[in-house]
Asks: 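Dumping the structure here so I can ask a few things about it.
All figures in this text were calculated on a predicted structure; none of them were measured in a lab. One is the number of the first residue; the rest follow in order along the sequence.
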Amino acid sequence: MHPIYDIVGIGFGPSNLALAIALTEHNEQAETPVTAVFLERQEAFGWHRGMLLDDATMQVSFLKDLVTMRNPTSRFSFLCYLQDRGRLIDFVNHKNLFPLRVEFHDYFEWAAAQVDDLVAYNAEAVGVEAIADDLFEVTTATGDVYRARNLLFATGLRPTVPDGIALSDRVWHNSQFLHRIAELKDPERCVVVGAGQSAAEAVAYLHREFPNAEVCSVFSRYGYSPADDSSFANRIFDPEAVDHYYDAPDAVKQRLMGYHRNTNYSVVDIDLISQLYRTMYQEKVLGTERLKMLNMTRLVAVEESSTGARAVIQSQVTGEQEFLDTDLVLLATGYDEAAPILGSLDETCARDEEGRLVVGRDYRVKSSLRGGIYLQGGTEHSHGITSSLLSNVAVRSGEILASVLTNTPVPVLATA
């Protein structure tokens, strides 16, 4: 006998955490509560722990927390967190919209602890199936079974590794950075591949923490590109921009993504760009150059031995190759959206001409089943640039919950 939930959520990062909070606030006012459980393979809540550098700041305003854009009076807001931690006045005096990343992670943990009755940790979903037109069954790696009228996938991102490159003791993806940095003992050289914020932060960190090491930044551009966080451009992250993007023809969608990729992808905060350039110029003046920018190049291979690694760097201008003996190759090469584990459900789901899932404005996958299949992430093609970002998690969670309430006609009180 298994209880039937209204929602089984797969994954418990910030997106499903925001949904759990929206659900909790709804249940505090509703006569009939919405029942849910969220399955998370980690032992506890964690969000990009490998890149929580001590001086890295958020690139989104604290007001775009888990709740404020949906419910400004919520007790789960970042401001309530600051009050609880005894830092509200200090934060106000700081006059800064962008908290430290490690602080925002602590806020997430604080919020997650308040809804932990809805979460099963150490529970990795490995299979899903429809056992009725309006009933799903989810199986975990340990054999536990959960049943629900609606599935909510928030499976996050997976690290991108360049073709022909394999992760190893000397080759890391930046998602592993802080987890493995203690392995790096007095390096002579580190190579960082990538042109985005994470790459630039890693370059600055390695240069600061290992004062005897040469740090080489490898990227295909001529220079780091600054992130466009100007006021008008930032409107691409507004909730109503999702409506505009969703309703636009495919050709317009492609143009919008092209116009505004520089708000998020492969861009760096201008202050960090200035800091790195200032450091590089100062070293030229002083005659000891440890920070090197290998622009217009790409990593084509890594040759490893028992003593280290050799990075093969190719010029995109001349095609010539340079060989760099190095203690570390750090791949700050981004992430791809992880596909939901649909299993046999896939054949019930509609796809477009490019093989992408057809998703309604309410983030519900078009399916032949009555039961709801919802996506938090994996919808950039339909809903725009905020699909995998924090900017819209509060509003999106409210929209999904409203859809579940509208489309789940049978209260879940039974077992099956």
Side-chain angles (χ1 to χ4, degrees), residues 13-16 18-19 22 59-61 63-66 68-70 150-158 160 195-197 225-267 334-340 342 346 348-369 372-407:
S15 292
N16 268 356
L19 193 284
Q59 292 165 285
V60 62
S61 166
L63 293 171
K64 293 184 177 181
D65 57 17
L66 296 165
T68 298
M69 301 297 286
R70 174 183 58 80
N150 299 277
L151 293 180
L152 179 56
F153 289 95
T155 47
L157 304 172
R158 65 172 184 269
T160 302
Q197 181 73 18
S225 297
D228 184 356
D229 62 352
S230 58
S231 300
F232 286 113
N234 268 344
R235 295 177 71 179
I236 196 67
F237 302 113
D238 289 355
E240 69 174 359
V242 178
D243 292 320
H244 299 155
Y245 191 92
Y246 187 85
D247 293 333
D250 285 345
V252 176
K253 284 184 170 73
Q254 293 175 13
R255 286 200 294 271
L256 284 172
M257 286 299 297
Y259 294 152
H260 296 291
R261 288 189 68 84
N262 64 343
T263 59
N264 181 65
Y265 294 109
S266 295
V267 290
Y335 298 83
D336 293 322
E337 291 183 319
L342 292 174
D346 191 85
T348 74
C349 299
R351 292 185 179 270
D352 63 17
E353 295 178 351
E354 297 186 30
R356 303 170 301 192
L357 290 169
V358 178
V359 186
R361 175 59 184 83
D362 58 356
Y363 302 94
R364 180 173 170 142
V365 177
K366 299 295 184 182
S367 169
S368 59
L369 300 170
I373 302 172
Y374 292 87
L375 299 183
Q376 295 239 55
T379 59
E380 187 173 271
H381 65 285
S382 55
H383 290 69
I385 200 167
T386 60
S387 172
S388 61
L389 305 180
L390 294 177
S391 297
N392 204 35
V393 293
V395 173
R396 183 171 64 231
S397 65
E399 292 172 342
I400 291 174
L401 179 57
S403 178
V404 168
L405 292 169
T406 300
N407 294 292

Asks: For V267 versus N262, what's the shortest heavy-atom pair and its separation?
Replies: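 Looking at all heavy atoms of both residues, the closest pair is CG1-O, 3.5 Å.
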Asks: So, N16 and Q376: side-chain donor and acceptor under 3.5 Å apart, yes or no?
Replies: yes
Asks: Please confirm whether the backbone N or O of T68 pairs with a side-chain atom of D65, one donor and one acceptor, at under 3.5 Å?
Replies: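 Answer holds: yes.
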Asks: Pick one: which of L375, V404, L19 meets side chain to side chain contact (heavy atoms under 4.5 Å, CB included) with L152?
Replies: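 Of the listed options, the one satisfying the test is L19.
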Asks: Less than 4.5 Å apart, side chain to side chain, heavy atoms only: is that true for E399 and D362?
Replies: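 Counting from C-beta outward, E399 and D362 never come under 4.5 Å.
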Asks: Closest heavy-atom contact between L342 and C349?
Replies: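 In this case the closest contact between L342 and C349 is CD1-SG, 4.4 Å.
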Asks: Mind checking whether P14 and L390 have side chains closer than 4.5 Å, heavy atoms only?
Replies: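 When only atoms from C-beta onward are counted, L390 and P14 do touch, with a gap below 4.5 Å.
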Asks: Return the CD1 to CZ distance between I236 and R261, rounded to the nearest 0.5 Å.
Replies: 12.0 Å
Asks: Within this structure, what is the OH-CG distance for the pair Y374 and N407, rounded to the nearest 0.5 Å?
Replies: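 Rounded to the nearest 0.5 Å, the OH-CG separation comes out at 4.5 Å.
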Asks: Hey, does R351 have a side-chain heavy atom less than 4.5 Å from the side chain of D346?
Replies: yes
Asks: Could you tell me whether the side chain of P340 reaches within less than 4.5 Å of the side chain of L357, counting heavy atoms only?
Replies: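 L357 reaches P340 side chain to side chain.
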Asks: Hey, could you give me the CD1/CZ distance between I385 and F237, rounded to the nearest 0.5 Å?
Replies: 5.0 Å
Asks: Do you know the tightest heavy-atom contact between S225 and S266?
Replies: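 Closest approach of S225 to S266, heavy atoms only: CB-O, 4.2 Å.
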Asks: Counting only heavy atoms from other residues, nucleotides and ligands, does the tally under 6.0 Å from CZ of R356 exceed 12?
Replies: yes
Asks: Under 3.5 Å, is there a donor-acceptor pair linking the side chains of S387 and T379?
Replies: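 Per modelled atom types, S387 and T379 side chains form a pair under 3.5 Å.
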Asks: With a 4.5 Å limit on heavy-atom distance, are the side chains of V242 and T386 in contact?
Replies: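 They are in contact (side-chain heavy atoms under 4.5 Å apart), so the answer is yes.
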Asks: With under 30° as parallel and over 60° as perpendicular, where do the rings of Y363 and H383 fit, or are they tilted in between?
Replies: parallel
Asks: Give, for atom OG of S15 and atom CG of N392, the distance between the pair rounded to the nearest 0.5 Å.
Replies: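 Between atom OG of S15 and atom CG of N392 there are 9.5 Å.
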Asks: Decide yes or no for V359 and R364: does some side-chain heavy atom of the first lie under 4.5 Å from some side-chain heavy atom of the second?
Replies: no
Asks: Distance from K253 atom NZ to Y245 atom OH, nearest 0.5 Å?
Replies: 6.5 Å
Asks: Flag the pair L389 / N264 as yes when at least one side-chain heavy-atom distance between them is below 4.5 Å, and no otherwise.
Replies: yes
Asks: Taking the side chain as C-beta and beyond, is there a heavy-atom pair between H381 and D352 under 4.5 Å?
Replies: yes
Asks: Measuring from E337:CD to E380:CD, what's the distance to the nearest 0.5 Å?
Replies: 5.5 Å
Asks: Between G360 and Y246, which heavy-atom pair has the shortest distance, and what is it?
Replies: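 Looking at all heavy atoms of both residues, the closest pair is CA-OH, 3.2 Å.
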